[in-house]
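Presented below is the structure to which this report refers.
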2 protein chains.
Amino acid sequence: MSSLASNMETYLKKLLRLSAVGYIDIKRKELAAKFKCVPSQVNYVLETRFTLEKGYLVESKRGGKGYLRIRQLDVSSEELLSMILEEIIEGQITDNKARDFMQRLFDGRLISFREWRMMEAVLDSLNYIEDDTLRAEFRGWMLKKVLFTLISF
Amino acid sequence: MSSLASNMETYLKKLLRLSAVGYIDIKRKELAAKFKCVPSQVNYVLETRFTLEKGYLVESKRGGKGYLRIRQLDVSSEELLSMILEEIIEGQITDNKARDFMQRLFDGRLISFREWRMMEAVLDSLNYIEDDTLRAEFRGWMLKKVLFTLISF
DNA sequence: CAGTGCTCTGACCTTCTTTGACCTTTTGTC
DNA sequence: GACAAAAGGTCAAAGAAGGTCAGAGCACTG
């Protein structure tokens, strides 16, 4: 229960609660030093505890003056989250389901007309990918990313 | 917190905003002195932050009375879109270029903040495609589709 | 006690930044 | 015109992050 990873998770979530702007910036190496572990352990924590599905968005920049930014998604959209999760169960999603889903989002005024059209264009463009499995998997993956992003802004 | 390069970028953009003529003239050595760095660092900033894709044009003159002139391009929406489309005509496009273009579309108020974020998420998700060539080609293909959609709505 | 699924580490990779040595162009002076 | 001085330009290498991945360790569970 109180593994290094869990402690780091708790610590980061506390920082997030205390943050006024809805996100926190951290230095991978410093955080690792604070918890006396290797830097890659930080990645592990981010990958397992701060995923899109759990309501977080992680951005980063490499190189000098790099950083990790953890953003907490708006809780009010929890309903939408579970909807998405249900639909995109195994990562894959069919073209029809994806389009139905976008239509629902538009009908429910969660996305604008232009946003809807844009996503339709993206879905259209997927035909460029010939491999059926890759296409379906990528569609699910991408949809998840886009929808979670829409939720957080 | 932020890097020298980012600070210099911010500074130059502020100067540009304040300029009435649409361009600014600077002395490489003086700017370097102001930021306490080597002169070639100025070139780095210009090469990475003030590119054509990002909507800037840099002219210069060497020798005595030399200077650097940074010009902000002020192209119309149609021009910007056709520029982008032209660029993608060869099919492929790099991730960086695609992101630069999206940023410009946002800066030029051709797309909303949410639409910008959405497209960034789509670009992020492309990493799911492992094949380098397929990814770059698909990126170009998709971008074209989306841009054409934007034009028509 | 073998299997399964988290944790954790370390070696190696990629990206972005910064510096410095050396090069080229332009201007001013004899 | 030759030469010196005054810019700016190029490029490779070092430094400063963060990213990836395979495998070792560990803790339950049947």
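Residue numbers start from 1 in every chain, and the chains themselves are labelled A, B, ... in the order their sequence lines are given, proteins ahead of strands.
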Atom pair distance, as rounded to whole Å: CG in Asn127(B) and P in dT20(D): 9 Å
Rounded to whole Å, how long is the line connecting atom CZ of Phe35(B) with atom P of dT19(C)? 13 Å
Between protein and nucleotides 13-15 of chain D, what N or O pairs are separated by less than 3.5 Å?
none

To the nearest angstrom, the CD-P distance between Glu59(A) and dT15(C) comes to 19 Å
Any Lys61(B) side-chain nitrogen or oxygen under 4.0 Å from OP1 or OP2 of dG9(D): no
Asn43(A) CG to dT20(D) C1': how many Å, rounded? 8 Å
Salt bridge or not between Glu30(A) and Lys34(A)? Use side-chain N to carboxylate O under 4.0 Å. no
Atom-to-atom span, CD of Glu47(A) to C1' of dG19(D) - whole angstrom: 9 Å
Would you call Arg99(A) and Glu120(A) a salt bridge, using N to O less than 4.0 angstrom? yes
Using atom CZ of Arg69(A) as one end and atom C1' of dA17(D) as the other, report the distance to the nearest whole Å. 15 Å
Does dA17(D) have its OP1 or OP2 closer than 4.0 Å to a side-chain nitrogen or oxygen of Lys27(A)? yes
What is the ring orientation for Phe138(B) with Tyr128(A), classed by angle as parallel under 30°, tilted 30 to 60°, or perpendicular over 60°? tilted
Ignoring hydrogens and geometry, is there a side-chain-to-backbone donor-acceptor pair from Lys27(B) to Ala32(B) under 3.5 Å? no
For Val38(B) and for Arg49(B), find the nucleotide of DNA chain C with the closest heavy atom, then tell me which residue's nucleotide is more 5'. Arg49(B)
In terms of relative ring orientation, are Tyr56(B) and Phe50(B) parallel, tilted or perpendicular, with 30° and 60° separating the classes? perpendicular
With a 4.0 Å cut-off on N to O distance, would you call Arg135(B) and Asp132(B) a salt bridge? yes
Checking contacts here: which listed nucleotide (dG19(D), dT10(D), dT18(C)) is nearest the side-chain heavy atoms of Arg28(B)? dT10(D)
What is the distance from CZ of Arg62(A) to P of dA17(D), rounded to the nearest Å? 14 Å
Less than 4.0 angstrom between a side-chain N/O of Tyr44(B) and OP1 or OP2 of dT18(C), yes or no? no
Would one find a side-chain N or O of Ser60(B) under 4.0 angstrom from OP1 or OP2 of dG9(D)? yes
Side-chain (Ser19(A)) to main-chain (Leu15(A)) donor-acceptor, under 3.5 angstrom: no
Side-chain donor/acceptor of Ser40(A) to base of dG18(D), under 3.5 Å: no
Counting only side-chain N and O atoms of Lys65(A), is one of them less than 4.0 Å from OP1 or OP2 of dG18(D)? no
If I take atom NZ in residue Lys36(B) and atom P in nucleotide dT19(C), what distance separates them, rounded to the nearest angstrom? 12 Å
In terms of side-chain heavy atoms of Gln41(B), which of dG18(D), dT17(C), dG8(D) is nearest? dT17(C)
